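Notes follow once the structure below has been shown.
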Amino acid sequence: MKELIVIALLLSGAFFMVVAALGILRMPDIYMRMSCNAKAVTIGLGQLLLALALHFGEIGVGARALATIGFVVLTIPVASHLLGRASYLSGQPLWQQTSRDEWRGKEAKPGK
């Protein structure tokens with residue numbers, strides 16, 4: 001039974017990683033690429049690490065896997081947000097069909 005759970009976690013984690021790769025290829029601008037990539041990679045990597053912890057079944061491996069999942073959950077969304085903000089402030093264009101730009105005229109000047 002444990003092997004089936006590990007296989008299911010590995011397959012679903014790999015699926016989310018493939019979705020992230022397709023998102024990089026298919027999305028029209030950098031902001032959408034970062035959004036779909038950050039979400040899919042966070043979920044996919046979490047499932048792969050859970051499969052790793054379950055497969056080995058050792059406390060040390062499980063603790064490191066859970067610590068890594070916590071680190072990834074905290075850092076990938078923050079890094080994605082900061083990259084998106086830096087892209088916006090550097091003048092990276094939005095997709096032509098973007099319906100609204102809530103930051104227009106409100107962007108903080110670098111250094112403030």
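FYI, side chains are in, hydrogens and waters are out, and symmetry mates aren't considered; it's all heavy atoms of this structure. The first residue of the sequence shown is numbered 1, and numbering continues consecutively from there. The shown structure was predicted, so the numbers you read here are calculated from the model rather than taken from an experiment.
Under a 3.5 Å cut-off, the side chain of Arg64 and the backbone N or O of Gly60 do form a donor-acceptor pair. Using a distance-only test at 3.5 Å, with no hydrogens or angles considered, a donor-acceptor pair links the side chain of Thr42 to the main chain of Ala38. Judged by distance alone, with hydrogens and angles left aside, the side-chain atoms of Ser90 form a donor-acceptor pair with the main-chain N or O of Ala86 at under 3.5 Å.
Rounding to the nearest 0.5 angstrom, the gap separating the CG atom in Leu45 from the CG atom in Leu52 is 10.0 Å. One distance of note links CG of Leu9 with CG of Leu54; it measures 7.0 Å at 0.5 Å rounding. For the atom pair NZ of Lys39 and CZ of Phe16, the computed distance is 12.0 Å after rounding to the nearest 0.5 Å. Atom CD1 of Ile76 and atom CE of Met34 lie 13.0 Å apart (nearest 0.5 Å). The structure places CD1 of Ile69 at 12.0 Å from CG of Leu74, a figure rounded to the nearest 0.5 Å. Distance check, rounded to the nearest 0.5 Å: CE of Met27 to CE of Met32 gives 7.5 Å.
Residues Val41 and Val18 are members of separate hydrophobic clusters, defined by side-chain heavy-atom contacts under 4.5 angstrom among Ile, Leu, Val, Met, Phe, Trp and Tyr. Hydrophobic clustering of Ile, Leu, Val, Met, Phe, Trp and Tyr side chains at less than 4.5 Å, counting indirect connections, keeps Val19 apart from Ile24. Clustering ILVMFWY residues whenever any of their side-chain heavy atoms sit less than 4.5 angstrom apart, transitively, puts Val73 in a cluster other than the one holding Ile43.
Contact check for Leu48 versus Met17: side-chain heavy atoms found under the 4.5 Å cut-off. Between Ile7 and Leu10 the shortest side-chain heavy-atom distance does not fall below 4.5 Å.
Between Ala20 and Ala40, the shortest heavy-atom distance links the atoms CB-CB, 3.6 Å. Val72 approaches Pro77 most closely through the heavy-atom pair O-CD, 3.8 Å.
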Report task. Please lay out, stage by stage, how Leu66 and Leu49 fare under the test side chain to side chain contact (heavy atoms under 4.5 Å, CB included). Result -> CA-CA 8 Å; Leu66 290 176; Leu49 288 170; over 6 Å; no

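Remark: Ile59 CD1 is loosely packed, at most 12 non-hydrogen atoms of other residues, nucleotides or ligands lying under 6.0 Å away.
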